[in-house]
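Each ligand, and each atom within it, is numbered from 1 in the order the structure gives. For reference, positions follow the sequence shown, starting with 1.
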Amino acid sequence: MKNVAVLGSGVVGQVLADGFLKHGYNVMRGSRDPKKLAEWKVKAGAKASVGTFAEAAQFGEVVAIAVKGTAAEAAVEQCEGHLAGKTVIDANNPIADLPPVNGVLQYFTGPNESLMERLQQKAPAAKFVKAFSCVGNAFMIDPDFHGQKPTMFICGDDAVAKAQVKGILDQFGWETADMGVVTAARAIEPLCQLWCLPGLTGGGWTHAFKLLRL
Ligand SMILES: NC(=O)c1ccc[n+]([C@@H]2O[C@H](COP(=O)([O-])OP(=O)(O)OC[C@H]3O[C@@H](n4cnc5c(N)ncnc54)[C@H](OP(=O)(O)O)[C@@H]3O)[C@@H](O)[C@H]2O)c1
């Protein structure tokens, strides 16, 4: 697998796209307005390209989606069927357009549902895998915690897709904890609220989760 699509013109899209390029992949970034990514394309070099969400989704053997949570379902729709049969990395969080409450981000989903379940329903033939949602973008690629590998929590229904994402996370310097099927996104997505809480209350943003096991 060499061709990766990264849907998202925001900071996470840029970090993931640059990370895939750094690790030897060809990357097409997707946006509703690909012109806004022209400067990035020039800087990113010959293995980088840009297109619409549908063009990028068609290009990618693996597709990573990193868009505004409230727009994630619309972005999946705009892929026009090109996600079918592919591993789709879901980095999105269901953050509502409302201010945090005492540092806790507000979500537009409830506790017994998740954004990834909604996305999987929108594109049933895609193989969604939750990943990169529980850490700030500064640590997504080759995180340096003085030799300790942080844990990326993933989930999804397709075992082969999860193995593919684990392979990517191995390359990107992460330890992977597979939490199970798509329903587990109900437990993984709130980790973003926990991760952001110290930052939003003055405690800093330089942390990541580590799962300890006996
Ligand atoms: N920031 C972090 O460190 C971090 C960490 C972990 C997870 N996440 C999650 O990663 C995702 C991306 O975050 P971000 O900060 O990089 O970017 P963002 O500002 O949340 O999202 C920007 C992207 O959303 C798309 N978008 C906005 N409205 C849209 C609409 N109506 N229809 C379709 N697409 C629309 C934009 O498309 P256009 O390109 O067409 O404008 C753009 O690509 C979020 O879900 C966030 O919760 C963020």
Side-chain angles (χ1 to χ4, degrees), residues 4-20 27-41 44 48-57 60 63-80 82-83 88-100 104-109 114-120 122-123 128-143 150-155 165 168-169 172 174 185 187-200 204-209:
V4 175
V6 178
L7 309 188
S9 60
V11 62
V12 177
Q14 173 150 352
V15 164
L16 290 178
D18 289 344
F20 278 111
V27 176
M28 184 183 287
R29 264 178 95 186
S31 167
R32 289 168 299 175
D33 177 15
K35 288 194 296 296
K36 71 165 78 162
L37 295 168
E39 198 180 324
W40 171 81
K41 181 180 173 302
S49 55
V50 301
T52 63
F53 286 140
E55 287 165 346
V63 179
I65 306 184
V67 297
K68 192 171 183 295
T70 51
E73 289 176 86
V76 165
E77 277 168 13
Q78 288 164 43
C79 290
E80 297 171 2
H82 294 301
L83 301 180
V88 180
I89 297 172
D90 170 24
N92 309 290
N93 283 304
I95 300 169
D97 289 326
L98 294 166
V104 180
L105 290 170
Q106 299 200 59
Y107 274 13
F108 59 78
T109 48
S114 65
L115 178 56
M116 191 163 89
E117 286 170 277
R118 293 190 190 183
L119 301 182
Q120 184 67 79
K122 281 260 170 231
F128 278 90
V129 180
K130 196 94 214 167
F132 298 107
S133 64
C134 65
V135 73
N137 64 81
F139 299 108
M140 287 180 177
I141 313 297
D142 305 319
T151 307
M152 185 65 75
F153 293 91
I154 72 165
C155 70
V165 174
I168 290 166
L169 288 165
F172 286 9
W174 285 87
I188 295 177
E189 289 172 2
L191 292 178
C192 162
Q193 291 172 304
L194 187 61
W195 189 87
C196 290
L197 183 50
L200 292 168
W205 300 94
T206 51
H207 47 268
F209 296 117

Between side-chain atoms of residues 72-80 and protein atoms elsewhere (two or more places apart, or another chain), which donor-acceptor pairs fall under 3.5 Å?
residue	atom	partner	partner atom	Å
Glu77	OE2	Lys122	NZ	2.7
Gln78	NE2	Ala74	O	3.4

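The protein heavy atom nearest to atom 43 (O) of ligand 1 is Ser9 N, 2.8 Å. The shortest contact between atom 15 (O) of ligand 1 and any protein heavy atom is with Val11 CG1, 3.8 Å. Given atom 46 (C) of ligand 1, the protein heavy atom at minimum distance is Asn93 N, 4.1 Å. Nearest to atom 16 (O) of ligand 1 among the protein's heavy atoms is Val12 N, 2.8 Å. Given atom 21 (O) of ligand 1, the protein heavy atom at minimum distance is Lys68 N, 3.0 Å. In this structure, the protein non-hydrogen atom closest to atom 25 (C) of ligand 1 is Val67 CB, 3.8 Å. For atom 8 (N) of ligand 1, the nearest protein heavy atom (residue, atom name, distance) is Ala91 O, 3.7 Å.
Interatomic distance, NZ of Lys130 versus CG of Leu191, reported as 10.5 Å (0.5 Å rounding). Note that CG of Leu37 and OG of Ser31 are 5.0 Å apart. Values are rounded to the nearest 0.5 Å. Note: Phe53 CZ to Ile65 CD1 = 8.5 Å, rounded to the nearest 0.5 Å. We find the CD1-CG distance between Ile141 and Leu16 to be 5.5 Å, quoted to the nearest 0.5 Å. Between the CZ atom in Phe132 and the CZ atom in Phe139 there is a gap of 14.5 Å [rounded to 0.5 Å].
Across the listed options Arg32, Gln14, Arg29, Glu73, Arg32 owns the non-hydrogen atom lying nearest to atom 32 (N) of ligand 1. Remark: among candidates Ala131, Ala72, Ala138, Ala71, the nearest residue to atom 35 (C) of ligand 1 is Ala71, based on non-hydrogen atoms. For the residues Gly10, Gly8, Gly199, the heavy atom positioned nearest atom 17 (O) of ligand 1 is part of Gly10.
Near Asn92, meaning under 4.0 Å from one of its heavy atoms, ligand 1 places the atoms 11 (C), 45 (O). Less than 4.0 angstrom separates some heavy atom of Lys36 from each of these atoms of ligand 1: 38 (P), 39 (O), 41 (O). Proximity to Val135 (heavy-atom distance under 4.0 Å) selects the following atoms of ligand 1: 5 (C), 6 (C). Short contacts between ligand 1 and Gly136, defined as distances under 4.0 Å to a heavy atom of the residue, involve ligand atoms 3 (O). Heavy-atom contacts of Ala66 reach the following atoms of ligand 1: 11 (C), 12 (C) (cutoff under 4.0 Å). If you number the atoms of ligand 1 from 1 as listed, the ones under 4.0 Å from a heavy atom of Met140 come out as 5 (C), 6 (C). Near Phe53, the atoms of ligand 1 lying under 4.0 angstrom from a non-hydrogen atom of the residue are 33 (C), 34 (N), 37 (O).
When non-hydrogen atoms are compared, ligand 1 lies under 4.0 Å from the side chain of Ile95 (C-beta onward) but not from its backbone. With a heavy-atom cut-off of 4.0 Å, Ser133 touches ligand 1 through its backbone alone. By the criterion of a heavy-atom distance under 4.0 Å, the backbone of Phe132, and not its side chain, is placed next to ligand 1.
Using a 30° and 60° split on the angle between ring planes, Trp205 and Trp195 fall in the tilted class, from 30° to 60°.
Within the 4.0 angstrom cut-off, atom 19 (O) of ligand 1 has no protein heavy-atom neighbours.
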**OP:** Walk me through it: do Asp18 and Trp40 pass the test side-chain contact (heavy atoms from CB on, under 4.5 Å)?
**Re:** CA-CA 10 Å; Asp18 289 344; Trp40 171 81; 2.9 Å; yes
**OP:** Evaluate the side-chain contact (heavy atoms from CB on, under 4.5 Å) criterion for residues Thr151 and Trp174: first the C-alpha distance (whole Å), next the side-chain angles of each, then the deciding distance (0.1 Å), finally the verdict.
**Re:** CA-CA 6 Å; Thr151 307; Trp174 285 87; 5.7 Å; no
Original post:
Would Asn92 and Leu119 satisfy side-chain contact (heavy atoms from CB on, under 4.5 Å), going step by step from the backbone distance to the final call?
Top reply: CA-CA 10 Å; Asn92 309 290; Leu119 301 182; 4.2 Å; yes
Original post:
Can you list the steps and then say if Gln14 with Arg29 is a side-chain contact (heavy atoms from CB on, under 4.5 Å)?
Top reply: CA-CA 8 Å; Gln14 173 150 352; Arg29 264 178 95 186; 3.7 Å; yes
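Lys68 pairs by the side-chain hydrogen bond (donor to acceptor under 3.5 Å, both in side chains) definition with Thr70, Asp97, not counting sequence neighbours.
A donor-acceptor pair is defined here as one N or O able to donate and one able to accept, closer than 3.5 Å; such a pair exists between the side chain of Asn93 and the backbone of Ser133.
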